[in-house]
2 protein chains.
Amino acid sequence: MPQKDPSLTDLPPGVAIAWGLDRPSTRGAKAELSPARIIEVAIRLADKEGLAAVSMARVAKDLGFTTMSLYRHLRSKEELLVLMVDAAFGDPDLAAPEVGDRAEPDWRTATRRWAKAIEQRYREHPWILDYPVTGPPASPNELLWLEQLLRALAPTTLTASEKLNSALMLANLVRSSTRMELDVADNDTPDAFEAYVGLLFQLLDPEQHREVLGLFSDPELAVMEDAGDELSFALERYLDGMEALMARRGSGADQPG
Amino acid sequence: MPQKDPSLTDLPPGVAIAWGLDRPSTRGAKAELSPARIIEVAIRLADKEGLAAVSMARVAKDLGFTTMSLYRHLRSKEELLVLMVDAAFGDPDLAAPEVGDRAEPDWRTATRRWAKAIEQRYREHPWILDYPVTGPPASPNELLWLEQLLRALAPTTLTASEKLNSALMLANLVRSSTRMELDVADNDTPDAFEAYVGLLFQLLDPEQHREVLGLFSDPELAVMEDAGDELSFALERYLDGMEALMARRGSGADQPG
DNA sequence: ATAAACTGTTTATGCTATAAACAGTTTATG
DNA sequence: CATAAACTGTTTATAGCATAAACAGTTTAT
């Protein structure tokens with residue numbers, strides 16, 4: 001962990017490394033390990049066995065080093081996790097098709113595209129969803145994703161704080177929808193769903209829980225016609241909501257919250 | 001942990017206890033401890049020192065018993081957490097004012113009321129937000145909250161699966177908005193925000209991150225005029241979106257997602 | 001040549017959840 | 001009534017966790 005500049009020491013975990021602020025060391029034995037190698041192996045492990053399997057000891061073992069060797073390159077496990085998540089998000093190369101389709105997409109299309117793209121990353125590395133969001137993004141790829149979303153919203157008439165709020169909510173929406181879809185995909189055999197509903201009917205008071213029971217008795221639900229499209233549904237609702245705000249704004253009208 | 005009925009053993013953690021399915025034991029020494037007492041002390045601890053402070057050893061110590069004594073009443077720490085969360089949500093006594101204001105509120109008002117009420121519970125027990133949502137609700141109070149939300153949505157023209165999707169998304173929306181607001185309230189001195197923005201300007205390439213930098217330079221943001229109202233903003237957007245769907249539905253028109 | 005800076009290992013600490021065995025207590029059953 | 005079953009709480013023990021501290025070896029700047 002080469003770090004002479006003391007100002008780097010008190011940056012949030014992962015920031016210094018993710019941004020390449022730690023200058024390479026000149027003295028000392030040449031390192032066999034590196035943050036990048038550690039992160040790569042840790043991500044492979046998380047992909048295969050989930051985030052719970054990622055311990056410092058296990059990652060080190062997979063690398064063929066001792067546990068403590070990792071601490072020469074990472075300040076803490078927290079730092080490892082931050083860097084794993086950022087690397088797993090990766091660069092959002094939403095390369096606009098330059099030739100042929102030269103028209104800028106409207107903000108809804110661009111936002112939808114963004115949502116599907118980040119959903120894909122969640123599906124490739126579902127364990128990202130097990131790492132709780134701490135605060136505003138400070139790592140390179142997360143900021144690139146935010147940038148892309150803000151570019152999608154740029155043509156709108158939203159104010160700055162409306163844009164920021166919307167962007168954060170859209171990110172949350174994709175995150176929680178995808179989490180729900182993956183949870184369901186993991187646990188829901190047809191049996192499990194029926195077992196759940198059966199349990200509800202056993203436990204719930206039909207009077208006190210009439211809506212819940214009514215809903216789960218609805219034949220439409222059993223068909224699960226739109227299963228796996230919770231994201232689209234939620235997204236379109238939210239986009240409609242943004243559009244309604246802009247329409248009100250555009251027509252000069254204004255209404256209290 | 002009195003449990004003779006073996007069918008109770010393989011219910012999800014917390015379900016048997018939360019629903020009072022474990023019949024009281026007749027033989028044996030009378031218990032000094034009980035799930036309720038343990039949960040109560042654990043919640044007090046979490047309220048004061050956060051969820052991270054809640055270990056079996058610490059809870060037992062606060063109770064004046066040995067660590068292992070807890071396992072006579074709870075099958076695992078997971079079970080304790082499930083029961084803590086359900087107890088912390090509590091009963092949603094959204095008592096409709098019976099006299100005088102006898103008019104049923106419209107669905108938007110009712111939903112808004114629900115959202116503010118559950119937000120209040122999050123604020124009283126912020127550590128609920130640190131416990132990840134696992135699957136569909138199966139504990140009594142969580143189901144009561146779901147019931148109340150479904151009652152708010154009952155008068156709408158949404159289909160069953162649209163209602164369920166909307167309810168789950170509204171729950172997610174309140175959860176993540178409140179989490180954001182609390183995170184900000186915890187960490188954001190004016191200094192911290194400026195430090196964050198300063199860091200961004202140091203690290204980001206003005207070309208590659210023009211929208212992010214532009215946004216954070218916007219004087220409107222610095223004022224933080226709508227700080228602490230992320231929930232209302234997101235909620236009204238989503239409600240508008242639901243309304244737009246119903247309007248389209250009502251006018252017979254239909255559009256592809 | 002020497003000292004500084006770095007890498008990786010060994011050893012150790014204190015925390016975590018929880019399994020297993022045991023002692024004591026109450027009650028249902030012979 | 002005696003005994004066995006069922007329960008409660010304690011003691012002891014284990015395996016895992018993150019990470020601090022000391023140490024040995026290596027490379028390079030001085």
Side-chain angles (χ1 to χ4, degrees), chain A residues 1-6 8-9 13-14 16-17 22-38 41-42 45-46 49-84 131, chain B residues 1-6 8-9 13-14 16-17 22-38 41-42 45-46 49-84 131:
Chain A
M1 204 163 49
Q3 50 176 7
K4 38 194 69 149
D5 190 342
L8 296 185
T9 308
I17 292 176
D22 50 350
R23 41 112 233 218
S25 63
T26 145
R27 299 226 240 272
K30 63 191 160 165
E32 310 170 57
L33 245 39
S34 68
R37 256 190 87 193
I38 299 172
V41 165
L45 176 58
E49 306 184 28
L51 199 59
V54 176
S55 70
M56 297 301 267
R58 176 63 193 278
V59 172
K61 195 188 148 195
D62 284 12
L63 280 159
F65 288 80
T66 60
T67 304
M68 291 309 293
S69 67
L70 305 191
Y71 288 92
R72 292 287 170 213
H73 305 272
L74 303 168
R75 277 189 291 162
S76 64
K77 184 181 183 183
E78 174 68 11
E79 181 153 70
L80 171 60
L81 292 173
V82 168
L83 294 168
M84 284 175 68
Y131 182 77
Chain B
M1 206 165 44
Q3 50 177 8
K4 38 194 69 146
D5 189 342
L8 296 186
T9 308
I17 292 176
D22 49 349
R23 39 113 232 219
S25 63
T26 146
R27 300 227 238 272
K30 63 190 161 166
E32 310 169 58
L33 245 39
S34 67
R37 254 189 88 192
I38 298 171
V41 166
L45 176 58
E49 305 184 28
L51 200 58
V54 176
S55 69
M56 297 301 267
R58 177 63 193 279
V59 172
K61 194 188 149 197
D62 284 12
L63 280 159
F65 287 81
T66 60
T67 304
M68 292 309 292
S69 68
L70 305 191
Y71 287 92
R72 291 287 168 214
H73 306 271
L74 303 168
R75 277 190 292 160
S76 63
K77 185 182 180 181
E78 174 68 13
E79 182 153 70
L80 171 60
L81 293 173
V82 167
L83 293 168
M84 283 174 69
Y131 182 77

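Side chains included, hydrogens not; waters and symmetry mates left out as well; all remaining heavy atoms used. Each chain gets a letter, A, B and so on, in the order the sequences are listed, and its residues count up from 1.
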Rounded to the nearest Å, what distance is computed from the [atom1] atom of residue [X] to the [atom2] atom of nucleotide [N]?
X: A:Lys30; N: D:dG25; atom1: NZ; atom2: C1'; result: 13 Å
X: A:Leu70; N: D:dA18; atom1: CG; atom2: P; result: 10 Å
X: B:Lys61; N: C:dA17; atom1: NZ; atom2: P; result: 14 Å
X: B:Lys77; N: C:dA19; atom1: NZ; atom2: P; result: 15 Å
X: B:Leu74; N: D:dG9; atom1: CG; atom2: P; result: 12 Å
X: B:Met56; N: C:dT16; atom1: CE; atom2: C1'; result: 11 Å
X: B:Leu80; N: C:dT18; atom1: CG; atom2: P; result: 10 Å
X: B:Arg27; N: C:dT25; atom1: CZ; atom2: C1'; result: 13 Å

Reckon [X] has a side-chain N or O less than 4.0 Å from the OP1 or OP2 of [N]?
X: A:Thr26; N: D:dA29; value: yes
X: B:Ser55; N: C:dT16; value: yes
X: B:His73; N: D:dG9; value: yes

Nearest 0.5 Å, please: how far is [atom2] in [Y] from [atom1] in [X]?
X: A:Phe65; Y: A:His73; atom1: CZ; atom2: NE2; value: 7.5 Å
X: A:Leu70; Y: A:Leu63; atom1: CG; atom2: CG; value: 6.5 Å
X: A:Lys30; Y: A:Ser25; atom1: NZ; atom2: OG; value: 12.5 Å

For nucleotides 10-14 of chain C, give me every protein contact, N/O to N/O, under 3.5 Å, one pair per line with atom names.
none

Q) Based on Watson-Crick and G-U pairs with both distances under 3.5 Å, what dot-bracket line describes DNA chain C 5' to 3', crossing pairs as [ ] and inter-strand pairs as |? A) ||||||||||||||||||||||||||||||

A side-chain contact here means heavy atoms from C-beta on lying under 4.5 Å apart; do [X] and [Y] qualify?
X: B:Leu80; Y: B:Met56; value: yes
X: A:Leu51; Y: A:Met84; value: yes
X: B:Ile17; Y: B:Val82; value: no
X: A:Ser69; Y: A:Thr66; value: yes

Q) Which residue, B:Ser34 or B:Gly28, contacts DNA chain D at a nucleotide closer to its 5' end, judged by nearest heavy atom? A)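 Checking each residue's closest nucleotide, the 5'-ward one belongs to B:Gly28.
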
Q | Residue mapping more 5' on DNA chain D - nearest nucleotide basis, A:Ala53 or B:Leu33 | A | B:Leu33

**Q.** Nearest to side-chain heavy atoms of A:Glu32, which nucleotide of D:dG25, D:dA5, C:dG8
**A.** C:dG8

Q) Would you call B:Glu32 and B:Arg37 a salt bridge, taking side-chain N to carboxylate O under 4.0 Å as the test? A)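 So B:Glu32 does not pair with B:Arg37 through a salt bridge.
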
Q. How far apart are the closest heavy atoms of B:Leu45 and B:Val54, and which atoms are they?
A. CD2-CA, 4.0 Å

